[in-house]
Amino acid sequence: QPQASLIQLRSVEALFAKGDHSKAFTEANKVLSMNGNGTEAAKAKARFIQAQILEKEFEQQSVKSRLDRFTTVFAIKTGKLEKAQKAYQAAIEYGEPHVAVESLMRLSKLYGSYVEMLKTMPLPEGLPQTEAPAFQAEMDKLAIPMEEKSVETMADALAQAKKLDLRTGIIPRIQAELDRLNMKTSSSLNDSISVPHPVLPVVRRVGS
């Protein structure tokens with residue numbers, strides 16, 4: 001019965017609040033697997049919690065590495081971004097209004113975190129300082145579409161919140177965040193931009 005999924009969801013929420021993320025993620029799967037018995041709202045909230053857990057794993061993944069390990073470490077970090085992204089997108093697809101808008105907001109911030117990571121990426125151990133400018137230029141190039149995607153996604157959140165006429169104070173909060181993002185980027189937005197698959201920078205030796 002639908003009530004069973006709501007009871008199970010409360011258990012997931014309690015575990016998540018306690019910081020028991022591993023168990024919360026597993027218990028959330030039980031809500032998601034309740035075919036015919038679970039409500040779409042409960043499933044949306046369970047997937048949203050999983051997405052937040054995956055986002056946390058992305059944040060905790062270090063990008064410090066030796067030069068010979070950089071490509072692998074960078075791929076792991078980007079892979080964790082994609083897992084969190086897919087989870088938020090899945091939560092949106094359930095059609096629960098508040099979850100959809102919150103997921104869009106967190107997706108925007110997730111992309112922003114990735115941009116910040118790229119812009120502050122520590123030099124791989126063993127990379128000569130003479131190659132530092134080329135390395136950072138490569139990181140900056142990767143950051144541009146994600147920075148634009150962050151703004152675009154927050155704008156989507158605002159549009160959805162207004163369309164749904166949400167009256168929880170969320171619209172001014174999204175608008176403030178969008179204004180902040182628009183001041184940080186001078187890049188023009190492109191509606192056709194899509195989130196890139198992992199693109200690993202090539203660290204070349206000078207003169208190679």
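These figures come from a predicted structure and were not determined experimentally.
- Cluster membership for L166 and Y94, using ILVMFWY side-chain heavy atoms within less than 4.5 angstrom, is not shared.
- In this structure, CE on M117 lies 11.5 Å from CD on E59, to the nearest 0.5 angstrom.
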Apply salt bridge (charged side-chain N to carboxylate O under 4.0 Å, His left out) to residues K18 and D20 and explain how you reach the verdict.
CA-CA 6 Å; K18 286 196 307 181; D20 192 347; 5.5 Å; no
Between L142 and Y114, does the side chain to side chain contact (heavy atoms under 4.5 Å, CB included) criterion hold? Intermediate values first, please.
CA-CA 10 Å; L142 291 175; Y114 192 74; 5.8 Å; no
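- The residues R10 and E13 are annotated as not salt-bridged, no charged nitrogen and carboxylate oxygen being separated by less than 4.0 angstrom.
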Show your reasoning for whether side chain to side chain contact (heavy atoms under 4.5 Å, CB included) applies to I53 and F16.
CA-CA 9 Å; I53 294 170; F16 182 67; 3.7 Å; yes
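- Atoms NZ and CD1, from K141 and I144 in turn, are 9.0 Å apart once rounded to the nearest 0.5 Å.
- Contact check for L110 versus L81: side-chain heavy atoms found under the 4.5 Å cut-off.
- The line from OG of S103 to NE2 of H98 is 12.5 Å long, rounded to the nearest 0.5 Å.
- A donor-acceptor pair is defined here as one N or O able to donate and one able to accept, closer than 3.5 Å; no such pair exists between the side chain of S11 and the backbone of I7.
- Between M34 and A4, the closest heavy-atom pair is CE-O, 4.0 Å.
- When hydrophobic clusters are built by joining Ile, Leu, Val, Met, Phe, Trp and Tyr residues whose side-chain heavy atoms come closer than 4.5 Å, directly or via intermediates, V63 is grouped together with L67.
- Atom-to-atom distance recorded for E116:CD and S150:OG is 11.5 Å, nearest 0.5 angstrom.
- With a 4.5 Å cut-off on side-chain heavy atoms, Q3 and Q8 do not count as touching.
- Although no hydrogens or angles enter the test, the distance criterion places no donor-acceptor pair under 3.5 Å between the side chain of S108 and the main chain of L104.
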Could you give me the CA-CA distance, side-chain angles and deciding distance for I170 and E102, then say whether side chain to side chain contact (heavy atoms under 4.5 Å, CB included) is met?
CA-CA 9 Å; I170 196 171; E102 289 283 356; 3.5 Å; yes
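- Between the S5 side chain and the A42 main chain, no donor and acceptor come within less than 3.5 Å of each other.
- The two residues A91 and F48 come nearest to each other via the heavy atoms CB-N, 3.9 Å.
- A donor-acceptor contact shorter than 3.5 Å is absent between the side chain of T78 and the backbone of A75.
- For the pair L32 and Q50, the minimum side-chain heavy-atom distance is below 4.5 Å.
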Salt bridge (charged side-chain N to carboxylate O under 4.0 Å, His left out) for E96 and R47? Distances and angles first, verdict last.
CA-CA 11 Å; E96 203 289 319; R47 194 61 175 135; over 6 Å; no
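- Considering only heavy atoms from C-beta on, F135 comes within 4.5 Å of M121 through its side chain.
- Note: the hydrophobic cluster containing L15 does not contain V12 (ILVMFWY, side chain heavy atoms under 4.5 Å, direct or indirect links).
- With contacts defined as side-chain heavy-atom distances shorter than 4.5 Å, the pair K109/E177 qualifies.
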Determine, step by step, whether M105 and I174 satisfy the side chain to side chain contact (heavy atoms under 4.5 Å, CB included) criterion, reporting the C-alpha distance in whole Å, the side-chain angles of both residues, the deciding distance to 0.1 Å, and the verdict.
CA-CA 8 Å; M105 291 178 66; I174 300 172; 3.5 Å; yes
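- Here the rule is side chain to side chain donor-acceptor pair (under 3.5 Å) with E55, and of R106, K80, Q60, Q85 only R106 fits it.
- Criterion: ILVMFWY side-chain heavy atoms under 4.5 Å apart, direct or through other members. Under it, I76 and L123 are not part of a common hydrophobic cluster.
- Atom CG in L118 sits 10.5 Å away from atom CD in E138 (nearest 0.5 Å).
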Between Q160 and D156, is the side-chain hydrogen bond (donor to acceptor under 3.5 Å, both in side chains) condition met? List the steps.
CA-CA 6 Å; Q160 287 296 317; D156 285 346; over 6 Å; no
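- Here the side chains of L107 and Q89 are in contact, with some heavy-atom distance below 4.5 Å.
- L181 and I171 fall within the same hydrophobic cluster, where Ile, Leu, Val, Met, Phe, Trp and Tyr residues are linked whenever their side-chain heavy atoms come under 4.5 Å apart, directly or through other members.
- The minimum heavy-atom distance linking A143 with V115 is given by the pair O-CG2, 3.7 Å.
- Geometrically, K77 engages F58 in a cation-pi contact, judged by NZ or CZ lying under 6.0 Å from the ring centre and within 45° of the ring axis.
- A distance-only check finds a donor-acceptor pair linking the side chain of T153 to the backbone of K149 [under 3.5 Å].
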